[in-house]
Q: 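Sharing a structure, written as structure tokens. Questions coming.
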Amino acid sequence: MKKNQHLTVKGDVFDRGQLKWGALMLPEHVRMLREWRADEPTKHKPHLDEEELSLLQEEIGIAQQRQCMAEMRYWDGGQAAVSGTITSADLANQTIEISSGVGTVRIAFTDLLGIRMID
């Protein structure tokens, strides 16, 4: 089951945060809040649980076996992404090597956040 990122649980109450208050806000306030969120840097690296790590491992294996284009999201002081084919997965150094149009990128396993196969 996919998690709803906007839904938080506070005790027994399911809260959608500011989604439910959007109708009561002026458009200028909504625009200012969006700009404020966009300017605010993400300081903390997201934590992946066991299920997300196993799904990530499966997707990496499939993308490497098929040699298809994939978009990898990773943490580099903030969220970053690179698109390309996975050329190798080095278990000794715990890195993945991705060949993109620009060149070759190495990403540590601990920095991976997600993968999406493009074709």
Side-chain angles (χ1 to χ4, degrees):
M1 175 168 54
K2 211 167 194 181
K3 295 179 183 177
N4 186 349
Q5 294 181 357
H6 301 291
L7 187 68
T8 58
V9 178
K10 295 180 181 175
D12 292 336
V13 179
F14 289 100
D15 186 20
R16 293 178 296 160
Q18 291 188 0
L19 289 177
K20 64 182 175 184
W21 300 108
L24 300 174
M25 298 175 70
L26 294 174
E28 294 85 12
H29 293 157
V30 172
R31 189 187 75 243
M32 288 171 41
L33 281 172
R34 286 185 183 146
E35 290 173 0
W36 176 66
R37 279 196 201 109
D39 291 340
E40 185 177 342
T42 305
K43 298 176 185 172
H44 303 289
K45 179 181 170 183
H47 175 72
L48 301 178
D49 61 4
E50 291 294 324
E51 182 181 349
E52 291 169 330
L53 287 173
S54 66
L55 289 173
L56 186 63
Q57 181 182 0
E58 280 183 40
E59 292 290 324
I60 289 171
I62 292 169
Q64 186 179 11
Q65 187 177 28
R66 289 178 47 197
Q67 287 295 307
C68 64
M69 288 288 291
E71 179 185 37
M72 305 287 289
R73 291 183 302 112
Y74 62 98
W75 186 260
D76 187 23
Q79 286 196 11
V82 65
S83 295
T85 58
I86 299 174
T87 55
S88 69
D90 187 5
L91 297 177
N93 295 330
Q94 294 192 350
T95 59
I96 289 182
E97 191 171 294
I98 300 165
S99 175
S100 64
V102 178
T104 303
V105 179
R106 285 184 180 261
I107 302 172
F109 287 162
T110 56
D111 293 338
L112 287 174
L113 299 176
I115 181 173
R116 181 176 62 95
M117 286 185 260
I118 295 174
D119 53 73

Q: Donor-acceptor check, side chain of E52 to backbone of D49, threshold 3.5 angstrom: yes or no?
A: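 Answer holds: yes.
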Q: Under 4.5 Å between any side-chain heavy atoms of Q79 and P46, yes or no?
A: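 Of all side-chain heavy-atom pairs linking P46 with Q79, at least one is under 4.5 Å.
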Q: Do L53 and I86 belong to the same hydrophobic cluster, where Ile, Leu, Val, Met, Phe, Trp and Tyr are linked whenever their side-chain heavy atoms lie under 4.5 Å apart, directly or via other members?
A: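 Linked within one cluster.
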Q: So how far is it from Q64 CD to E59 CD, rounded to the nearest 0.5 Å?
A: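 Spacing of CD (Q64) from CD (E59) equals 13.5 Å.
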Q: Is it the case that over 12 heavy atoms from other parts of the model lie below 6.0 angstrom from the CD atom of E50?
A: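 For E50, atom CD is not crowded (no more than 12 foreign heavy atoms under 6.0 Å).
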Q: Let's go through L26 and H29 carefully: what are the C-alpha distance in whole Å and the side-chain angles of both, what is the deciding distance for side chain to side chain contact (heavy atoms under 4.5 Å, CB included) to 0.1 Å, and is it a yes or a no?
A: CA-CA 5 Å; L26 294 174; H29 293 157; 3.7 Å; yes
Q: How long is the gap from CZ on R116 to CE on M69, to the nearest 0.5 Å?
A: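 The CZ atom of R116 sits 10.5 Å away from the CE atom of M69.
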Q: Compare all side-chain heavy atoms of L112 with those of L48 and state whether any distance is below 4.5 angstrom.
A: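 Side chain of L112 against side chain of L48, heavy atoms only: no contact under 4.5 Å found.
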Q: Please walk me through it: do F109 and L91 pass side chain to side chain contact (heavy atoms under 4.5 Å, CB included)?
A: CA-CA 9 Å; F109 287 162; L91 297 177; 4.0 Å; yes
Q: For the residue pair I62 and M117, establish whether any side-chain heavy-atom pair is separated by less than 4.5 Å.
A: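 They are in side-chain contact.
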Q: Given D90 and E97, is the side chain to side chain contact (heavy atoms under 4.5 Å, CB included) satisfied, shown in steps?
A: CA-CA 8 Å; D90 187 5; E97 191 171 294; over 6 Å; no
Q: Counting neighbours of CD on Q65 that are heavy atoms of other residues, nucleotides or ligands and sit closer than 6.0 Å, is the number greater than 12?
A: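 No - once you tally the heavy atoms of other residues, nucleotides and ligands closer than 6.0 Å, there are 12 at most.
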Q: Is the shortest heavy-atom distance from the side chain of I118 to the side chain of S83 under 4.5 Å?
A: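 Counting from C-beta outward, I118 and S83 do come under 4.5 Å.
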Q: Do the non-hydrogen side-chain atoms of I115 and L56 ever get within less than 4.5 Å of each other?
A: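 Answer yes - side chains close enough.
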Q: Around Q67, counting heavy atoms of other residues, nucleotides and ligands shown, do more than 12 lie under 6.0 Å from its CD?
A: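 Yes, because the 6.0 Å sphere around CD of Q67 holds more than 12 heavy atoms from other groups.
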Q: With a 4.5 Å heavy-atom cut-off, do I98 and I107 have their side chains touching?
A: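 The answer is yes; the side chains approach within 4.5 Å.
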Q: Would you say the side chain of V82 lies within less than 4.5 Å of the side chain of E71, judging by non-hydrogen atoms?
A: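 Contact flag for E71/V82 side chains = no.
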Q: How long is the span from the CH2 atom in W75 to the NE2 atom in H44, to the nearest 0.5 Å?
A: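 Rounded to the nearest 0.5 Å, the CH2-NE2 separation comes out at 8.5 Å.
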Q: With side chains defined as the heavy atoms from C-beta onward, is the minimum distance between T87 and I96 less than 4.5 Å?
A: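 The answer is no, as the side chains (C-beta and beyond) never meet within the 4.5 Å cut-off.
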Q: Carefully, step by step, assess D111 and K45 under the rule side chain to side chain contact (heavy atoms under 4.5 Å, CB included).
A: CA-CA 9 Å; D111 293 338; K45 179 181 170 183; 3.7 Å; yes
